[in-house]
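In the text below, chain A, chain B and the rest are named by the order of the sequence lines, each starting its count at 1.
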2 protein chains.
Amino acid sequence: MDDARSRLITSAQELLWERGYTATSPRAIQSRAGAGQGSMYHHFTGKADLAGAAIRRTAEEMTPGARSRLEGPGSPLERLRAYLRVERDVLRGCRLGRLVQDQDVVTDPHLLEPIDAVFSGTIARLAEVLREAQEAGEVRADADPDQVAATLVAVIQGGYVLARAHGSTERYTAAIEGVLSLVTASP
Amino acid sequence: MDDARSRLITSAQELLWERGYTATSPRAIQSRAGAGQGSMYHHFTGKADLAGAAIRRTAEEMTPGARSRLEGPGSPLERLRAYLRVERDVLRGCRLGRLVQDQDVVTDPHLLEPIDAVFSGTIARLAEVLREAQEAGEVRADADPDQVAATLVAVIQGGYVLARAHGSTERYTAAIEGVLSLVTASP
DNA sequence: GTCTATAGGAGGATAGAC
DNA sequence: GTCTATCCTCCTATAGAC
């Protein structure tokens, strides 16, 4: 899987993460992939097409990890903690979430849809685990699982923002631990 | 205050909000402000300098509103609710938070510092109100006010991300209401 | 499949006239 | 203070040869 086409997608994934969509040029992708203009325009119709492939691959790469942590061993609350506390590349930001600030991404359904799908799926799975946790008495019963699931994902995404603004992971950790203390049912 | 210098800053504020830093060109700022090249480079040393002025002005414009809602009338918890539920231009995103995804912004201390200052100030003020709320028994006492304050700001910032990804404000509202239900002390 | 050549436009900035 | 002219580089894409 290290043919030119695949290498181009890999480079696009990296650059999309580092610089976003608008700030990433076909040239930069090509040179990082060690491929020429002709190669790229042979495999893809243009920048947007290649970016779409990169986004879809990133989405596929992120799903299994989240899934396994939320469906893994441990009580519902323990699985929620494991998911929220998993090590993330905080200062680099979310590979998908950061793209959503890009006007050209939000405007192109082919680019936006796979991103939204990841968030939707994550929220749905978190809500499921939250329901289990409520049944087990680990999470207060008077909270709406769907709302709280959105809250949890928002804390992660917002934690990235605070960390990048502050230049350190501290704020991210504080936000995560803060929400964890709140979801946990009072003794 | 509608001289060329001020108009350039206003245009820069708008474009920074709409397109971010990298995707905003001096040309675009000038044409929106109705000013020429010469005018801009007379008042500012370049794009970064003008952007810095725009960011500082936006920061100044955001502070009073937040301050008044958190120091206004009502119980501590009511003030927290008022702050979190205030109407925001959700789909447009945060004027400052969105810039933090931009590599060129994070790299330039003159651009990043005023952004971080707003977040730091907001977190500090929220922590203060949270402490009051705990004393009043409105918020569970076993939570760290500084952590929860970071959580609240993160939920807002992350709510923007979810909303833009989904193309609707629903997810934002869900995240906000979710965290509000969690901070409120159990009956 | 991949390379090179080429193209029109935009980006960011400087210089000097008015 | 503001205008116009000018500069070099990068952007994204197309064309056609190998």
Side-chain angles (χ1 to χ4, degrees), chain A residues 1-55 57 98-99 101-112, chain B residues 1-55 57 98-99 101-112:
Chain A
M1 266 296 248
D2 63 336
D3 53 350
R5 185 173 196 283
S6 182
R7 288 205 315 277
L8 281 164
I9 295 178
T10 303
S11 301
Q13 287 181 284
E14 294 171 3
L15 285 163
L16 250 31
W17 192 11
E18 294 168 20
R19 312 269 313 164
Y21 178 74
T22 302
T24 293
S25 70
R27 281 185 115 105
I29 298 172
Q30 292 153 23
S31 76
R32 184 174 294 210
Q37 296 266 83
S39 182
M40 185 193 123
Y41 283 98
H42 171 74
H43 292 290
F44 304 94
T45 67
K47 176 181 174 178
D49 186 35
L50 172 49
I55 289 173
R57 186 144 107 186
R98 72 149 299 157
L99 296 175
Q101 302 295 352
D102 216 302
Q103 198 56 36
D104 297 341
V105 171
V106 175
T107 301
D108 185 339
H110 292 92
L111 301 180
L112 187 60
Chain B
M1 265 297 247
D2 63 336
D3 53 349
R5 186 174 195 282
S6 182
R7 288 204 317 277
L8 282 164
I9 296 179
T10 303
S11 301
Q13 288 181 284
E14 295 171 2
L15 285 163
L16 250 30
W17 191 12
E18 294 168 19
R19 313 268 315 163
Y21 179 75
T22 302
T24 293
S25 69
R27 287 183 120 102
I29 298 173
Q30 292 153 25
S31 76
R32 185 175 294 212
Q37 296 266 83
S39 183
M40 186 193 122
Y41 283 98
H42 171 73
H43 292 291
F44 304 95
T45 67
K47 177 182 173 177
D49 187 34
L50 172 49
I55 290 173
R57 186 145 106 187
R98 71 150 298 159
L99 296 175
Q101 303 294 354
D102 216 304
Q103 198 55 36
D104 297 340
V105 171
V106 175
T107 301
D108 186 338
H110 291 93
L111 301 180
L112 187 61

Tell me: CZ of B:F44 to C1' of D:dG1, nearest whole Å? 13 Å

Would you say B:S11's side chain and B:R7's backbone share a donor-acceptor pair under 3.5 angstrom? yes

Using whole Å, what does the distance between atom P of nucleotide D:dT4 and atom NE2 of B:H42 come to? 17 Å

Tell me the interatomic distance from B:R5, atom CZ, to D:dT2, atom P, rounded to whole angstroms. 11 Å

Can you tell me if B:S6 uses its side chain to pair, donor with acceptor, with the backbone of B:D2 under 3.5 Å? no

Can you check each nucleotide of nucleotides 4-18 of chain C against protein heavy atoms at under 4.0 Å and return B for base, S for sugar-phosphate only, - for none, in 5' to 3' order? B------BBBB----

Using atom CD1 of A:I29 as one end and atom C1' of D:dC10 as the other, report the distance to the nearest whole Å. 14 Å

I'd like to know if the side chain of A:R19 pairs up with that of A:S25 as donor and acceptor (distance under 3.5 Å, no hydrogens or angles considered). no

Within 45° of the ring axis of A:Y41 and under 6.0 Å from its six-membered ring centre, is that where the NZ or CZ of A:K47 lies? no

Closer than 3.5 angstrom, by distance alone: can the side chain of A:D104 be matched with the main-chain N or O of A:T22 as a donor-acceptor pair? no

Members of residues 12-19 of chain B that approach DNA chain D, where some heavy atom sits under 4.0 Å away: none

For residues A:Q30 and A:S39, determine if any side-chain heavy atom of one lies less than 4.5 Å from a side-chain heavy atom of the other. no

In whole angstrom, what separates B:Q30's CD from D:dG1's P? 18 Å

Would you indicate whether the side-chain heavy atoms of A:I29 and A:L50 approach each other to under 4.5 Å? yes

My understanding is that only residues two or more places apart in sequence, or in another chain, count here; which of them pass side chain to side chain donor-acceptor pair (under 3.5 Å) with A:R32? A:E14, A:E18

